[in-house]
Amino acid sequence: ELNDQSDKDKEQTKEDLANLLNKTKEFQKNVERLKKDVMNSKSIDWKAKNQLEKLRSDQMELNKALQNLQQDMEKNAEEKNQLSETDPLLLEKQAQIEELMKELMDEEMMDLLKKLEELMREQNKDKIQNELEKLDQNAEDRNKQLDRSLEMLKKLQVNEKIDDIEKELKALADEQR
């Protein structure tokens with residue numbers, strides 16, 4: 001019964017991570033759209049400033065979702081460890097996923113967005129293009145990391161399932177004796 005709840009929690013975490021990945025891909029598309037708009041316009045207009053404001057609020061939402069996801073993953077890991085002794089290899093993989101999630105929580109994106117806002121006020125198109133390029137690269141890197149995290153999480157879940165089955169079989173074998 002506790003394992004069933006643990007499985008549901010893991011599935012939810014996997015779904016949340018996949019949703020987060022979709023949101024970050026959408027964020028990157030919006031960055032690219034803003035990049036094109038800035039490149040194709042003579043001056044920085046209200047539309048571009050509005051797009052940047054939306055990117056900023058989207059980034060704040062993504063950070064909050066990442067934080068919640070990280071907390072859920074830690075809670076699930078603790079519950080799993082309390083239920084039964086976990087294989088050290090699985091614990092190591094879990095730690096790697098948590099480390100990847102922490103790396104995603106960097107402030108660099110918010111700093112880039114603030115810098116872009118200042119540059120838009122100055123109407124400095126070249127610098128804006130440069131910063132948008134950095135933001136786009138940063139968003140792409142985050143997507144790759146989230147993708148890697150999702151794959152690692154899937155592998156971890158499979159390994160945990162195998163570990164659980166091995167324990168159940170061992171317990172059944174012990175009962176048979």
Side-chain angles (χ1 to χ4, degrees), residues 7-80 92-157:
D7 288 346
K8 285 179 188 170
D9 290 344
K10 286 178 198 153
E11 269 313 301
Q12 186 61 50
T13 299
K14 193 164 61 176
E15 273 180 42
D16 291 346
L17 192 55
N19 288 337
L20 192 59
L21 182 59
N22 288 334
K23 286 180 184 177
T24 59
K25 286 179 180 176
E26 187 63 35
F27 178 88
Q28 187 177 7
K29 284 179 190 171
N30 291 337
V31 170
E32 289 169 0
R33 194 173 304 125
L34 178 59
K35 222 165 63 171
K36 284 179 188 168
D37 288 351
V38 168
M39 193 184 312
N40 294 330
S41 66
K42 289 180 175 72
S43 66
I44 309 306
D45 60 357
W46 175 83
K47 183 182 174 194
K49 290 178 183 176
N50 226 15
Q51 284 174 299
L52 181 61
E53 191 53 45
K54 175 152 179 25
L55 283 175
R56 217 173 135 157
S57 74
D58 288 351
Q59 177 59 34
M60 286 166 51
E61 275 182 42
L62 287 171
N63 278 350
K64 192 172 186 78
L66 260 171
Q67 221 168 12
N68 290 339
L69 186 62
Q70 190 175 10
Q71 288 170 350
D72 288 347
M73 287 174 71
E74 286 172 7
K75 188 183 92 178
N76 291 345
E78 284 175 25
E79 287 173 358
K80 171 78 176 158
E92 187 181 321
K93 287 181 180 182
Q94 205 164 0
Q96 286 175 341
I97 294 172
E98 286 174 18
E99 189 58 39
L100 274 174
M101 297 300 283
K102 282 180 187 162
E103 287 174 23
L104 289 169
M105 298 285 294
D106 73 343
E107 289 296 312
E108 190 177 349
M109 290 281 251
M110 288 305 283
D111 293 342
L112 283 170
L113 288 165
K114 284 178 192 170
K115 195 170 183 180
L116 268 169
E117 222 171 86
E118 290 169 20
L119 292 171
M120 282 195 177
R121 279 195 288 276
E122 296 170 15
Q123 297 281 317
N124 190 329
K125 199 171 170 181
D126 291 337
K127 285 185 180 177
I128 289 172
Q129 280 299 123
N130 189 27
E131 290 304 307
L132 280 170
E133 201 57 51
K134 287 181 191 174
L135 186 64
D136 190 26
Q137 185 59 50
N138 204 314
E140 189 177 324
D141 291 346
R142 180 175 56 188
N143 287 345
K144 287 177 185 174
Q145 251 181 320
L146 272 173
D147 216 14
R148 209 166 62 231
S149 296
L150 183 58
E151 288 310 308
M152 285 177 73
L153 183 64
K154 287 176 183 176
K155 286 178 185 174
L156 176 68
Q157 288 176 340

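Residue indices begin at 1 and follow the sequence shown.
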Which of these, T24, N138, N22, sits in a side chain to side chain donor-acceptor pair (under 3.5 Å) with N143? T24

Results of salt bridge (charged side-chain N to carboxylate O under 4.0 Å, His left out) for K54 - residues two or more places apart only: D58

Going by salt bridge (charged side-chain N to carboxylate O under 4.0 Å, His left out), name the residues that satisfy it together with R56, two or more places apart in sequence or in a different chain. E117

Any side-chain heavy-atom pair from V38 and Q129 closer than 4.5 angstrom? yes

Hey, what do you get for CD (E53) to CG (L113), rounding to the nearest 0.5 Å? 9.5 Å

With sequence neighbours excluded, residues passing salt bridge (charged side-chain N to carboxylate O under 4.0 Å, His left out) with K47: D37

Between K23 and E26, does a salt bridge (charged side-chain N to carboxylate O under 4.0 Å, His left out) hold up when you go through it step by step? CA-CA 5 Å; K23 286 180 184 177; E26 187 63 35; over 6 Å; no

Between the side chains of N63 and Q59, is a donor N or O closer than 3.5 angstrom to an acceptor N or O? yes

So CG of L55 and CG of L116: to nearest 0.5 Å the spacing works out to 8.5 Å

Take Q12 and D16 through the test side-chain hydrogen bond (donor to acceptor under 3.5 Å, both in side chains) and record every step on the way to the result. CA-CA 6 Å; Q12 186 61 50; D16 291 346; 2.9 Å; yes

Side-chain polar contacts of residues 145-156 - donor-acceptor pairs under 3.5 angstrom, sequence neighbours left out - could you list them?
residue, atom, partner, partner atom, Å
Q145, NE2, E103, OE1, 2.7
S149, OG, Q145, O, 3.0

Please say whether more than 12 non-hydrogen atoms of neighbouring residues, nucleotides or ligands are located less than 6.0 Å from CE in M39. yes

Quick check for you: to the nearest 0.5 Å, what is the distance between N30 atom CG and L52 atom CG? 11.5 Å

How many angstroms lie between CD in E61 and CG in L20, if you round to the nearest 0.5 Å? 11.0 Å

Is the shortest side-chain heavy-atom distance between K115 and D111 below 4.5 Å? no

Assess the residue pair L17 and L21 against the criterion (side-chain contact (heavy atoms from CB on, under 4.5 Å)); give the C-alpha distance rounded to whole Å, side-chain angles, the decisive distance to 0.1 Å, and a yes or no. CA-CA 6 Å; L17 192 55; L21 182 59; over 6 Å; no

Can you tell me which residue pairs pass the salt bridge (Lys or Arg N to Asp or Glu O under 4.0 Å) test with a partner in residues 133-142, sequence neighbours excluded? K35-E133, K35-D136, E131-K134, E140-K144

If we ignore hydrogens and angles and just use 3.5 Å, is the side chain of N50 paired with the main-chain N or O of W46 as donor and acceptor? no

Partner set under salt bridge (charged side-chain N to carboxylate O under 4.0 Å, His left out) for K29, not counting sequence neighbours: none

